[in-house]
Q: 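Just dropping this structure here.
Remember, predicted model here, so these are calculated numbers, not experimental data.
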Amino acid sequence: QVQLVESGGGYVQAGESLRLSCAASGRTFSSYAVGWFRQAPGKERQLIAGLSWRDGSTYYLDSVEGRFTISGDNAKHTVYLQMNSLKPEDTADYYCNFGPGIASIALAESWGQGTQVTVSS
């Protein structure tokens with residue numbers, strides 16, 4: 001079974017940056033799409049960035065576009081989320097996952113523990 005381990009979260013001030021990592025054991029992403037999600041307290045988990053390895057297409061939630069960048073290293077089985085100009089509203093637990101296409105990642109049954117991001121004003 002594939003295990004996903006997210007890391008890189010932390011406590012930062014507004015305007016600062018973080019880079020999240022998602023390492024997958026025993027899985028290459030070359031045939032899949034990968035995505036980053038976040039879940040704020042009291043809210044549902046939401047896709048914020050996606051990357052399709054097949055055609056290189058990307059997706060970003062409007063509120064993060066231009067500030068966040070998803071990328072990956074298939075050889076290392078790792079996906080990254082570079083987050084710049086962080087805002088207090090970015091505070092959430094962040095998760096990664098993969099699926100046949102960007103739109104289907106949210107249907108994944110197994111999720112990692114996530115990594116917490118707190119942005120202070």
Side-chain angles (χ1 to χ4, degrees):
Q1 185 175 354
V2 176
Q3 287 189 324
L4 301 168
V5 179
E6 300 92 346
S7 62
Y11 182 98
V12 297
Q13 299 290 322
E16 295 184 339
S17 299
L18 282 173
R19 189 176 82 153
L20 307 183
S21 298
C22 171
S25 62
R27 166 70 67 185
T28 63
F29 296 120
S30 60
S31 300
Y32 296 88
V34 294
W36 280 97
F37 295 72
R38 69 185 180 191
Q39 186 169 19
K43 296 188 177 181
E44 293 187 353
R45 187 160 48 206
Q46 181 181 35
L47 176 67
I48 60 170
L51 168 65
S52 172
W53 286 109
R54 290 174 181 166
D55 59 14
S57 60
T58 57
Y59 162 83
Y60 292 98
L61 187 67
D62 284 348
S63 61
V64 307
E65 188 159 20
R67 299 188 297 123
F68 292 9
T69 303
I70 185 172
S71 64
D73 186 332
N74 201 35
K76 295 182 178 180
H77 304 177
T78 302
V79 179
Y80 305 99
L81 184 68
Q82 178 66 43
M83 306 189 296
N84 299 328
S85 302
L86 283 161
K87 304 176 180 180
E89 50 264 42
D90 295 320
T91 295
D93 291 326
Y94 284 72
Y95 303 85
C96 69
N97 222 314
F98 63 95
I102 292 175
S104 63
I105 301 173
L107 301 176
E109 294 182 352
S110 179
W111 293 80
Q113 294 298 307
T115 186
Q116 189 174 56
V117 173
T118 303
V119 185
S120 171
S121 58

Q: Check D93 with R45, please: is the shortest side-chain N to carboxylate O separation under 4.0 Å?
A: no

Q: For residues 51-61, dump all side-chain donor-acceptor pairs below 3.5 Å to protein atoms at least two apart in sequence or in another chain.
A:
unit_1	atom_1	unit_2	atom_2	d
S52	OG	R54	N	3.4
S52	OG	D55	OD1	3.2
W53	NE1	F29	O	3.4
R54	NE	S31	O	3.1
R54	NH1	P100	O	3.4
R54	NH2	S31	O	3.0
D55	OD1	S57	N	2.9
D55	OD1	S57	OG	2.7
Y60	OH	I70	N	2.9

Q: What are the two closest non-hydrogen atoms of I48 and L81, and how far apart are they?
A: CD1-CD2, 3.8 Å

Q: Side-chain contact, heavy-atom cut-off 4.5 Å: R38 with K43?
A: no

Q: Working to the nearest 0.5 angstrom, can you tell me the gap between S63 OG and F68 CZ?
A: 7.5 Å

Q: Give me the one residue out of V79, N74, L4, N97 that meets side-chain contact (heavy atoms from CB on, under 4.5 Å) with V34.
A: V79

Q: So how far is it from W36 CH2 to Y95 OH, rounded to the nearest 0.5 Å?
A: 11.5 Å

Q: Are the side chains of L20 and Y80 in contact, using a 4.5 Å heavy-atom criterion?
A: no

Q: Any side-chain heavy-atom pair from L47 and I102 closer than 4.5 angstrom?
A: yes

Q: Within the supplied structure, the quantity of interest is the number of heavy atoms (other residues, nucleotides, ligands) at a distance under 6.0 Å from E89 CD; does it exceed 12?
A: yes

Q: May I have all residue pairs that pass ring pair (Phe, Tyr, Trp, His ring centres under 6.0 Å) and include part of residues 101-121, sequence neighbours excluded?
A: F37-W111

Q: Mind checking whether V117 and M83 have side chains closer than 4.5 Å, heavy atoms only?
A: yes

Q: For residues 5-18, dump all side-chain donor-acceptor pairs below 3.5 Å to protein atoms at least two apart in sequence or in another chain.
A:
unit_1	atom_1	unit_2	atom_2	d
E6	OE1	G114	N	2.9
E6	OE2	C96	N	3.1
Y11	OH	S120	OG	3.3
E16	OE1	Q13	N	3.0
S17	OG	N84	OD1	2.9

Q: Counting distance only, does the side-chain N/O of T91 pair as donor-acceptor with the main-chain N or O of V119 below 3.5 Å?
A: yes

